[in-house]
Number of protein chains: 2
Amino acid sequence: MTNGVPSQREVGSSSPAPRNRPTMDDVASQAGVSRTLVSLVLRGKPGAGAETSKRILRIADELGYRPDSAAQLLARGRSRALGVMMNVDQPFHVDLIKAIYPEAERLGYDVLLSATTPGRDERKAVGALLDHRCEALILLGSSADAAQLERYSAGVPTVLVGRRLAGAMLDSVHTAEGKGVRQAVDYLVELGHRRIVHIDGDRESGSVDRRRAYRTAMRRHKLDEFIRVIPGHHTEDAGIDAGQLLLGEDDLPTAVLAGNDRCAFGLIHSLSRGGVDVPGQVSVVGYDDSHLSHLSQLDLTTVRQDADRIGTYAVRSAVERLEQGGLDSREVVLDSKLVVRGTTGPPRAEH
Amino acid sequence: MTNGVPSQREVGSSSPAPRNRPTMDDVASQAGVSRTLVSLVLRGKPGAGAETSKRILRIADELGYRPDSAAQLLARGRSRALGVMMNVDQPFHVDLIKAIYPEAERLGYDVLLSATTPGRDERKAVGALLDHRCEALILLGSSADAAQLERYSAGVPTVLVGRRLAGAMLDSVHTAEGKGVRQAVDYLVELGHRRIVHIDGDRESGSVDRRRAYRTAMRRHKLDEFIRVIPGHHTEDAGIDAGQLLLGEDDLPTAVLAGNDRCAFGLIHSLSRGGVDVPGQVSVVGYDDSHLSHLSQLDLTTVRQDADRIGTYAVRSAVERLEQGGLDSREVVLDSKLVVRGTTGPPRAEH
DNA sequence: CCACAACACTGAAGCGCGTTAGTAGAGCGC
DNA sequence: GCGCTCTACTAACGCGCTTCAGTGTTGTGG
């Protein structure tokens with residue numbers, strides 16, 4: 001059994017289970033009442049006698065009855081479900097999810113998760129959510145174009161998380177990317193850095209703003225001539241590639257602003273392998289403060305986004321829009337700030 | 001706008017959108033045919049004329065019609081959806097998800113994701129899946145007890161991933177934990193290690209087997225007296241705690257077998273901070289080979305589980321059970337093997 | 001010219017529930 | 001005894017879809 005066909009063994013035989021899930025009618029007939037009454041009792045509406053109520057509840061429990069959400073949806077015309085699209089290997093999205101669940105539950109909504117993966121693009125992921133009649137869409141790190149987003153938004157309230165869309169007709173929640181990046185640049189400049197490079201995140205969420213903020217901040221410090229953006233992505237691989245690129249050049253920058261933490265990890269990895277000390281020779285700053293950045297010897301200096309608040313506000317936006325049918329699209333901008341850890345330091349002495 | 005109330009600005013006004021999603025009836029009346037026919041055409045069943053077919057398809061497209069999966073489920077009595085429970089911050093689960101989606105799609109099934117988080121336990125997560133009438137359950141890293149699992153399994157085919165349940169009446173897919181651990185121990189012993197400690201994963205998936213395999217392997221090498229299991233979890237924090245514990249003792253072991261990669265990261269982190277060199281003074285082995293282990297200077301020696309194959313087999317198990325109604329519960333055991341990288345080396349010379 | 005099949009299509013029932021309108025009976029005041 | 005209000009309950013419709021059992025029309029062979 002090296003690496004060929006997996007072994008399979010029979011381990012007993014499962015019950016010839018009935019596999020029939022009980023319906024409301026089952027509960028009703030068991031209790032000797034009408035289905036309507038069961039429905040009332042189960043939803044806590046008034047109108048049933050105390051005795052009967054208790055009996056119905058007991059029987060429902062005994063039978064293991066669970067309301068069928070599909071039927072509920074159909075009957076009441078709404079699903080009470082929020083659809084959340086995430087990129088399953090963006091640790092920051094994971095942090096967001098953790099904040100989204102409790103807030104949704106608090107407000108009485110279900111959460112439907114749909115992940116993009118290599119091979120499962122946004123359209124598919126969102127399509128799945130729509131098919132299940134989510135009442136609102138929360139898109140984490142969408143890279144869809146404006147037209148596409150408008151289309152979603154026309155059908156169902158849509159909240160864009162982690163990205164801003166100029167003049168769009170949909171809600172968005174994101175951090176003040178500009179501020180975080182500016183802080184990072186200010187800090188590096190203060191340490192004495194001038195040759196500060198930025199690895200960007202292509203079309204991924206927040207990238208545009210971070211790129212622009214980087215340029216602006218550099219200019220404010222009169223460092224126009226040192227502005228340099230290396231095209232990248234929000235992945236470790238992109239960081240590695242950027243590292244290789246830099247290693248192949250004559251002259252390393254003294255500091256790098258990565259597109260996000262993952263990219264920073266990859267970069268540090270390849271720099272270290274290339275014999276370059278971080279932060280001795282090159283300082284590295286990440287973005288997100290995903291929980292990995294605190295750990296391992298990485299100890300990454302990064303720009304913190306408050307996932308809890310972002311997630312919470314995203315849910316609230318969606319729900320408010322749903323329940324108050326507000327007409328104005330809203331942009332929630334949360335604060336972001338630099339967290340200084342161990343991957344940054346004064347620039348090396350230039351040779 | 002430091003860290004107080006987030007700024008909110010109005011950014012325009014959304015369309016007073018109709019927000020009415022088109023139904024089959026809409027398509028039917030537009031096309032001047034019956035709903036039945038629309039249903040047939042949209043599902044590619046024969047029985048409609050070529051012209052009419054084309055027209056219906058065109059109109060459905062123009063209207064942006066999407067079948068309502070709730071109604072479909074109700075009507076045809078099955079959801080064609082697999083429910084997957086995952087722990088959102090277990091990177092290994094993420095790898096599994098990536099394999100599950102395509103295989104499910106290939107077999108014509110939807111995937112419903114439900115995450116456990118701190119504050120959202122397994123019951124809740126599985127409950128949500130059941131409410132949506134998933135036809136089968138795929139549980140990644142469940143730590144539910146046997147009784148609970150039996151209960152799930154009685155209602156709907158259930159596949160347990162990453163864990164084995166002795167004599168249970170449900171399918172399971174996992175790696176040969178024993179083999180991986182044995183390889184790791186063999187390797188360490190071969191390098192000359194004797195004081196090999198194991199940090200376990202409490203009740204988390206695979207832990208029991210790994211713990212037992214560790215003990216067995218140690219005994220086979222006549223290292224009974226060095227057997228030591230430190231209670232832990234599959235998290236970085238547990239690794240950090242274990243590291244602190246070890247640092248506080250007189251005598252460090254020469255090698256540690258962590259419960260999984262995350263735990264290994266935490267351990268390495270705290271050892272490094274404590275001035276202990278890895279692998280110079282202590283060798284560390286992880287478990288999972290989650291994609292992080294290749295990266296950063298960690299370069300973790302670990303036991304590889306083939307996420308692709310595990311995910312694929314999990315889906316196949318569920319679907320086969322669903323479609324062939326097989327009666328025997330089956331256990332799929334996949335191979336696992338040690339991947340040697342940079343966190344292991346010969347033991348330090350004992351003082 | 002009739003029987004019969006093949007084709008293109010339709011009507012109606014029903015999935016499990018929520019909801020609206022309604023009923024039957026008890027209690028009460030006068 | 002009448003009208004009234006309450007309480008405790010039920011019948012029936014419809015959500016959007018699939019499916020089963022047809023219906024009507026055309027073509028074919030004898």
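Order of the sequence lines fixes the chain letters, A, B, ..., with proteins taken first and strands second; residue numbering starts at 1 for each chain.
Close to D/dT18, at under 4.0 Å from its OP1 or OP2, lies a side-chain N or O of B/Gln72. For the pair A/Arg76 and D/dC15, the criterion of a side-chain N or O lying under 4.0 Å from OP1 or OP2 is not met. Residue B/Ser39 places no side-chain N or O under 4.0 Å from the OP1 or OP2 atom of D/dT19. Side-chain nitrogen and oxygen atoms of A/Ser34 include at least one within less than 4.0 Å of the OP1 or OP2 phosphate oxygen of D/dT10.
The separation between A/Arg66 atom CZ and C/dC17 atom C1' is 16 Å, rounded to whole Å. One can place CZ of B/Arg78 at 19 Å from P of D/dC17, the figure rounded to the nearest angstrom. Nucleotide C/dA8 holds its C1' atom 17 Å from the NZ atom of B/Lys45, rounded to whole Å. Look at CG on B/Leu42: it is 11 Å from C1' on D/dC17, rounded to the nearest Å. Computed from coordinates, the A/Ile56 CD1 to D/dC9 P distance equals 7 Å when rounded to whole Å. Nucleotide C/dG16 holds its P atom 20 Å from the CG atom of A/Leu37, rounded to whole Å. Remark: C1' of C/dG16 and CG of B/Asp131 are 13 Å apart, rounded to the nearest angstrom. For B/Leu74 and D/dC15, the CG to P distance is 13 Å, given to the nearest whole Å.
Around the CD atom of B/Glu105, the shell of radius 6.0 Å holds no more than 12 heavy atoms that belong to other residues, nucleotides or ligands.
Note on B/Thr36: a base of the nucleic acid sits closer than 4.0 angstrom, heavy atoms only. Residue contacts shown for B/Gly47 include a base, since a base heavy atom lies under 4.0 Å away. Within the 4.0 angstrom heavy-atom criterion, only backbone atoms of the sugar-phosphate kind lie near A/Arg133; the bases stay farther away.
Considering only the side chain of B/Tyr65, D/dC17 comes nearest among C/dG16, D/dC9, D/dC17.
Side-chain atoms of A/Arg35 and base atoms of C/dG18 include a donor and an acceptor less than 3.5 Å apart.
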*Would you sort out whether B/Ser79 and B/His132 count as a side chain to side chain contact (heavy atoms under 4.5 Å, CB included), showing the intermediate values?*
CA-CA 8 Å; B/Ser79 62; B/His132 287 281; over 6 Å; no
*For side chain to side chain contact (heavy atoms under 4.5 Å, CB included), just list the numbers for B/Leu140 and B/Ile100, CA-CA rounded to whole Å, side-chain angles, deciding distance to a tenth of an Å, and then say yes or no.*
CA-CA 11 Å; B/Leu140 309 186; B/Ile100 287 174; 4.2 Å; yes
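Residue A/Ser142 is tested with A/Glu122, A/Arg203, A/Gln148, A/Glu204 for a side chain to side chain donor-acceptor pair (under 3.5 Å); the sole match is A/Glu122.
The CE atom of B/Met85 lies 14.5 Å from the NZ atom of B/Lys124; values are rounded to the nearest 0.5 Å.
Checking A/Leu73 against A/Gly32, the closest nucleotide of DNA chain D that is more toward the 5' end is the one next to A/Gly32. Comparing B/Ala71 and B/Thr52 along DNA chain C, the residue whose closest nucleotide (by nearest heavy atom) sits nearer the 5' end is B/Thr52.
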